[in-house]
Amino acid sequence: PPIVVRELAEQLKLKPFKLIADLMELGVFANVNQAIDESVAQRICAKYGYRFEVEKRERGSGIIHAPIKKIEVDIEDKPEQLKPRAPVVTIMGHVDHGKTTLLDVIRKSDVVAGEAGGITQHIGAYTISFPHPERKNELQQITFLDTPGHAAFSAMRARGANVTDIVVLVVAANDGVMPQTLEALSHAQAAKAEIMVAVNKVDHPNANPMRVRQQLQEKGLVCEEWGGKTLFVDVSAITKQGVDKLLEAILLQAEIMELKANPDRRAKGNVIESGLEPGGPTATVLVRKGTLHLGDVVICGPFYGKVRALINEENKRLKEAGPSVAVKLLGLNGVPEAGLEFTVEENEKEARDIAEKRTMEARAMGQEARAKVTLENLFATMSSTSAKVLKLVVKADTQGSVEAIVEALKKIESDKVSLEVIHSAVGTITESDVALASASNAVILGFHTRIDNGVSDEAKREGVQIKLYAIIYELIDQVKESMAGLLDPLY
Ligand code: GDP
């Protein structure tokens, strides 16, 4: 069964005996160490205004409990209700490798561009239609998130929005793999997104697309031509060479992934971008399930409201938006943070009640809600999750020290916890590292390096631990002790 009583009590911040009493009311008799069924857990959660969800996407038996604020009741979709949906794609890569230019030409590849004649506005995402590579008269859609930036990507993920299906890693053929290419790769892998590579700038006189393949092979991305599983497409955002092929590759990849959603239910999705305009707060939302309609009552974090308008990137007013469609929504009574989930409620009164409750809870919990893993509290935080993994981001002054540290970390043996270095690189500790660590619940270890300006504060806000060392064996010993549960808690 999905959850042990003690764990559920922890998640709901209830005293175990209170939970046991609640269970008795339902006719379920269990002690703190016994597991209860999903249906029972759902009823208990519902009683306290939370949702209990068993994450099915993760491989293995892992049950992932969303942070407390996200436990709420949700409808289960039946297989026959699921219809194919468009892939959601994020383009990532090193600065100046051509992400913006590529996003721009892709937008212009839309075969049903509106009569407005290409007057588009930036809302944080856009959807294009493109012919299926084999069935040319069949138009398919792809949604691109056009807010490039690794920190933004992982900041959204930290708030629960793992919305990207496919990451297109852009690498300039003249420049090859660069530090932020690898950083992007770490972010995409941590998000468990499908990764494709666009080798850009192949028109450049110094272009060497084979070298890019070789460099990435060393990082585990082996192209199909060489017997691997990763799709590489040579493109030029300037001459437009290969751009159609890239779009076709995305569609083929999406087909293999069998992306589906139920369009016939109340909508649910995430905020991509938000802002305050003369007409009031706006939020670009990406619908993930169901269909969002004009007049629906939406709740999003502590804010709610009736949908007054749905506007797409061509400035068209829509009556509704289905799965994988991004629209700018007007009608909320506040500006929600990017990444937050939205849902649709029965009526405004219900939405207001939930919103008020959330505001109160948020105040009551304050910073506590951000309790993340540290080397000292490793075991305490792990008891409420199923995967026993210590995730680390490693930054050091030289490539030699990065390699030495990662090698030594890999050699640590523990039967209680496994260790995963989700990102390692030369350099200072940046905002992007903190976003990645926050989204993945990782600890950042720095060796002979420093923390960028302002990044300490950001880490504090996100509850991410950063530890700096000057001696390698001290770093290794601390990790060892942490994994053995030997470090004293810090207060
Ligand atoms: P971003 O930082 O990754 O968003 O990169 P940009 O899209 O801003 O592009 C950086 C520079 O590379 C600009 O001067 C572009 O004109 C240029 N660029 C982008 N794509 C190509 C390409 O395919 N070929 C060549 N030769 N230059 C390109």
Side-chain angles (χ1 to χ4, degrees), residues 88-110 118 120-128 130 142-156 163-164 166-189 191 193 195-216 219 221 223 230-250 272-273 284 313 326 338 423 425 427-428 430-433 435-436 452:
V88 178
V89 181
T90 299
I91 293 190
M92 291 167 89
H94 194 73
V95 65
D96 278 347
H97 279 197
K99 298 178 293 292
T100 314
T101 318
L102 196 58
L103 274 163
D104 222 46
V105 288
I106 290 173
R107 191 202 278 260
K108 291 185 185 123
S109 309
D110 189 356
T120 54
Q121 55 165 351
H122 173 91
I123 64 167
Y126 63 81
T127 301
I128 63 160
F130 198 76
I142 311 174
T143 294
F144 286 89
L145 301 187
D146 63 357
T147 317
H150 314 158
F153 178 81
S154 283
M156 280 191 44
V163 296
T164 299
I166 299 173
V167 166
V168 173
L169 188 61
V170 176
V171 189
N174 58 325
D175 227 11
V177 169
M178 297 297 274
Q180 289 166 24
T181 313
L182 298 177
E183 184 179 286
L185 186 58
S186 298
H187 283 255
Q189 282 169 336
I195 299 165
M196 291 176 42
V197 181
V199 183
N200 191 32
K201 306 199 186 184
V202 291
D203 63 292
H204 196 282
N206 299 333
N208 188 347
M210 282 304 140
R211 189 175 60 129
V212 174
R213 285 168 172 75
Q214 194 148 14
Q215 289 172 325
L216 285 176
K219 302 292 168 194
L221 290 187
C223 63
T230 308
L231 283 170
F232 281 63
V233 184
D234 290 343
V235 300
S236 163
I238 297 287
T239 67
K240 301 191 175 66
Q241 171 196 342
V243 172
D244 287 1
K245 222 177 135 222
L246 176 65
L247 297 175
E248 290 176 355
I250 291 172
I272 305 294
E273 252 185 39
T284 297
E313 72 274 11
H423 179 58
T428 55
T430 63
E431 187 193 353
S432 160
D433 295 326
L436 177 61
D452 279 0

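Just so you know, ligand 1 is whichever comes first in the structure, and atom 1 is the first atom listed for that ligand. Numbers here are sequence positions counted from 1.
The closest donor-acceptor contact from the side chain of His97 to the backbone of Val171 lies at 3.5 Å or more, if one exists at all. For Thr284 (side chain) and Ile123 (main-chain N/O), a donor-acceptor pair under 3.5 Å exists by modelled atom type.
The only option from Leu221, Val167, Leu246 that meets the side chain to side chain contact (heavy atoms under 4.5 Å, CB included) definition with Met196 turns out to be Leu246.
The shortest heavy-atom contact between Ala184 and Gly93 is CB-N, 4.0 Å.
Numbered from 1 in the order shown, with element, the atoms of ligand 1 that lie under 4.0 Å from a heavy atom of His94 read 3 (O). In the vicinity of Asp96, heavy-atom distances shorter than 4.0 Å reach the ligand 1 atoms 1 (P), 2 (O), 3 (O), 5 (O), 10 (C), 12 (O). Numbered from 1 in the order shown, with element, the atoms of ligand 1 that lie under 4.0 Å from a heavy atom of Thr101 read 6 (P), 7 (O), 9 (O), 15 (C), 19 (C).
Checking His204 against Ser236 by side-chain atom types alone, no donor-acceptor pair falls below 3.5 Å.
The closest non-hydrogen atom to atom 16 (O) of ligand 1, taken over Thr100, Ile238, Val243, Asn206, comes from Ile238.
Considering CZ of Arg107 and CD of Glu313, their distance stands at 6.0 Å, rounded to 0.5 Å.
Residue contacts with ligand 1: Ala237 is placed with a nitrogen or oxygen under 3.5 Å of a nitrogen or oxygen of the ligand (distance criterion only). Backbone and side-chain nitrogen or oxygen atoms of Lys99 are examined, and one is located within less than 3.5 angstrom of a nitrogen or oxygen of ligand 1. For ligand 1, the polar-atom distance check finds no N/O of Leu102 at less than 3.5 Å from any of the ligand's N/O atoms.
Contacts between His97 and ligand 1 below 4.0 angstrom, taking non-hydrogen atoms only, involve the backbone exclusively.
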